[in-house]
Every structure is written in structure tokens, then in C-alpha cells.
Amino acid sequence: MTAALDAAAADPVAEVEPLLTIEDLSVRFRGVDADVHAVNGVSLELRPGEVLAILGESGSGKSVTLRSVMRLLPRHAVVSGRVVLDGHDILSMSERRLTDLRGPVVSMIFQEPGLALDPIVRIGRQITEMIRRHERVSAAEARERARALFERVRIPLPERRLDAFPNELSGGMRQRAMTALALSARPKVLLADEPTTALDATVQIQILLLLRELQETLGMAVIFVTHDVGVAAEIADRVAVMYAGTVVEHGTAADVLKRGAHPYTVGLMRSTVHGAVRGERLDPIPGAPPALTSAPDRCMFAPRCAHAHAPCLDGVPAERDASASHRARCVLVGSGAPAIAPA
Ligand code: ADP
Ligand code: MG
């Protein structure tokens with residue numbers, strides 16, 4: 001026991017079993033003229049109590065990755081790889097058993113509350129139904145839990161707000177209500193898909209601080225998707241950078257955001273004033289992301305990369321150690337070639 005604790009203290013991250021493991025996940029959408037290879041061989045781990053930010057430009061496959069964990073993808077999606085969540089093999093389990101996990105094991109908040117909140121049902125009722133779907137509690141008890149959740153997400157006049165319909169609340173309050181709904185079954189893993197992007201800057205900061213506080217007090221593990229370097233710096237323990245459906249770099253937030261090794265990450269940081277300013281949009285590097293009409297067969301960033309050379313076109317680069325706590329998919333990393341100058 002003591003020995004185990006000592007070992008855990010020596011290397012807290014490596015000792016803890018992941019709560020979520022995504023292994024070689026690929027998602028392709030069948031299209032009329034061409035398929036879209038939205039996610040290509042993504043592998044990620046999330047440990048209890050950890051916040052992982054997935055950072056990348058629009059269209060890089062962040063949402064599709066998150067939705068795969070909830071198995072909320074349309075029928076024309078072709079999915080391969082493995083998602084193991086709290087010991088459950090998500091991609092192969094029955095829809096009925098999956099429904100039991102959505103809520104108490106994993107739940108999701110979205111950029112648009114409209115994706116989670118039913119517009120024609122009072123918010124309080126949506127929350128009490130969620131609670132009672134997963135736990136045997138009386139209606140009164142569920143209502144009290146809902147009220148406490150509204151207090152927890154700092155919705156003023158919670159009793160009155162519980163009886164409101166979603167469209168009767170402001171954008172910020174709706175976002176808080178959706179967060180309360182997502183927390184109502186006490187998930188171990190919370191998936192947050194750009195939950196602050198649609199809000200005004202000040203409300204955005206309030207919600208971000210709230211989410212961080214909730215994560216700490218409830219001890220949840222969180223995957224936080226964002227295109228905003230400053231938001232990732234604010235909230236994440238670890239960061240994964242996605243480009244064209246691939247994780248090009250991942251590791252501790254400090255390593256990835258301050259000592260990025262992949263030219264895409266470096267470009268991303270350079271484009272953001274002082275490296276991490278909240279609210280800056282990523283618009284970093286000349287050129288545009290590639291069409292995703294075929295599976296990657298080379299470094300997908302090569303056409304935009306100032307350092308590209310022949311080996312970059314010779315298959316998808318393997319992950320290489322960029323430091324003890326961070327890996328990157330770039331042939332230059334650890335090759336002895338001149339280091340890419342940091343921003
Ligand atoms: P991000 O969240 O990083 O902005 P997404 O994960 O939403 O990007 O999308 C990745 C790619 O998958 C995009 O090219 C997008 O157009 C495509 N895509 C997403 N959902 C669907 C869908 N339901 N049908 C077809 N293509 C989709
Ligand atoms: Mg998205």
C-alpha cells in the first residue's frame with residue numbers, strides 16, 4: 001500500500017490507469033462524390049481528474065473525435081479503432097447499454113445548447129428526468145438536486161429558472177443550464193465541445209472559470225475541445241494538437257504550448273500574440289488545410305510547411321519523442337536536423 005503510494009508520488013501520471021483510451025480511431029463519412037476522412041488514426045488517453053484540451057483549426061476532426069466517444073455519429077459514418085471508456089468497449093456495445101453510460105459515465109456539452117436542450121420541455125424537467133433515468137430518487141429529491149445544480153453553475157433565482165424553457169434564458173444562462181444537465185448524472189468524463197466559443201468574451205471567461213472550478217471540485221476528467229490557444233492554456237493539463245484529422249503533437253500543456261516541436265504547433269503559437277492570448281482566433285499559417293477526400297499517405301501539413309522535404313511525403317510520420325512528456329508526428333523531431341526555432 002505504502003509502496004504503491006510512493007510509486008504513485010514518484011510519477012503520478014504514469015501510474016494511474018486511463019479512464020478513457022482512444023486507440024487508432026478513424027472516422028470516414030461516405031459521400032456521393034467522395035468520402036471525407038475526418039479522423040485518421042487518433043490515439044489519446046485521459047486519466048481520472050485530468051483536463052485534456054484538443055486544439056486545432058476548424059475542420060480538423062475535433063468534434064468528430066468527441067462524438068465518437070459518445071457514439072453520436074450519423075449512420076453514414078464508417079468508424080474503426082477502439083474506444084475504451086471506464087472499462088467499456090464503446091464502439092462494439094449495444095445501443096441500450098450505451099444509453100446507460102451516457103450520463104453517469106460520460107456526458108457532453110456543446111457550443112450550441114440547442115443540441116442538448118429540448119426547446120419544448122422546461123429545463124428543470126429535463127434535468128430531473130435525466131437524474132431519475134439513472135438513479136432511484138423521488139421526484140422531490142430530483143427537483144432538489146436540480147436546484148442545487150443550478151446553484152452550483154451559478155444561475156441566479158434557480159427555482160424560477162428551473163421552470164423556464166431554454167429560449168427564455170440568455171446565451172450564458174443557457175450554457176450554464178446545459179452544463180447543469182450534463183453534470184446531473186455525475187459523469188466521470190465530461191466532453192466539452194467549444195462550450196465557450198459562441199459567447200461574448202466576458203461570459204466566455206466566466207464559463208471557463210466555472211468549468212475549471214467544477215472539474216476540480218467534482219474530480220471529473222474533461223476533454224475540452226477548442227480552436228483557441230489561450231483557452232487551452234487556461235484550462236488544460238495536457239494538450240493534443242489536431243491537424244487534418246490527425247494528432248500531430250500531444251503532451252503536457254507546458255511542453256506543447258511553450259516548446260511545440262511540430263511546425264504546425266509552432267505556427268499556431270506564432271500566430272497568437274504572446275503565444276497565449278484568450279479570444280484570439282487561429283489563423284496562423286499561409287495556405288489552407290487539405291481536402292480530406294483520401295486517407296493520409298504523407299504528412300498532411302507538408303504543403304504548408306516551410307521545413308518540408310522528401311521524407312515528409314514518404315508515409316504518415318510516426319510519433320517521436322520531442323521531450324520526456326511530449327510527442328510529435330514530424331520527421332524532423334529527434335532527427336538531428338536543425339531544431340525549429342521557437343516562436
Ligand atoms: P472540427 O470540430 O475540428 O471543426 P469536425 O470534427 O466537425 O471538425 O469535422 C471534421 C471533418 O468532418 C470536416 O471536414 C467536416 O466537414 C466533416 N464532417 C463532420 N461531420 C460530418 C457529417 N455528419 N457528414 C459528413 N462530413 C462530416
Ligand atoms: Mg467542432
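Remember, it's 1-based here, ligands and their atoms both numbered in the order they're listed.
Taking the side chain to side chain contact (heavy atoms under 4.5 Å, CB included) definition, one finds that Arg176 meets it with Val153, Arg154, Ile155, Met173, Gln206, Ile207, Leu210, sequence neighbours left out. With sequence neighbours excluded, the residues satisfying ring-ring contact (aromatic ring centres under 6.0 Å, His included) with His76 are Phe29.
In the hydrophobic cluster analysis, where Ile, Leu, Val, Met, Phe, Trp and Tyr join through side-chain heavy atoms closer than 4.5 angstrom, Met178 is grouped apart from Val121.
Shown here are the protein N/O/S atoms lying under 2.8 Å from the Mg ion (ligand 2), water excluded: Ser63 OG.
A distance limit of 4.0 angstrom between heavy atoms and ligand 1 selects the residues Phe29, Val36, Ala38, Glu57, Ser58, Gly59, Ser60, Gly61, Lys62, Ser63, Val64, Pro74, His76, Leu292.
Each of Glu249, Glu319, His250 was evaluated against Arg327; a single residue qualifies, Glu319, per the side chain to side chain donor-acceptor pair (under 3.5 Å) test. Under the side-chain contact (heavy atoms from CB on, under 4.5 Å) test applied with Asp193, the options Met70, Met108, Gln111 reduce to a single match, Met108.
Between Phe301 and Tyr243, the two ring planes are perpendicular [angle over 60°; tilted spans 30° to 60°].
Here CZ of Arg133 is found 8.5 Å from OG of Ser184. Values are rounded to the nearest 0.5 Å.
A donor-acceptor distance shorter than 3.5 angstrom exists from the side chain of His134 to the backbone of Arg102, with no hydrogens or angles considered. Side-chain N or O atoms of Glu45 include none that pairs as donor or acceptor with a backbone N or O of Ile22 at under 3.5 Å.
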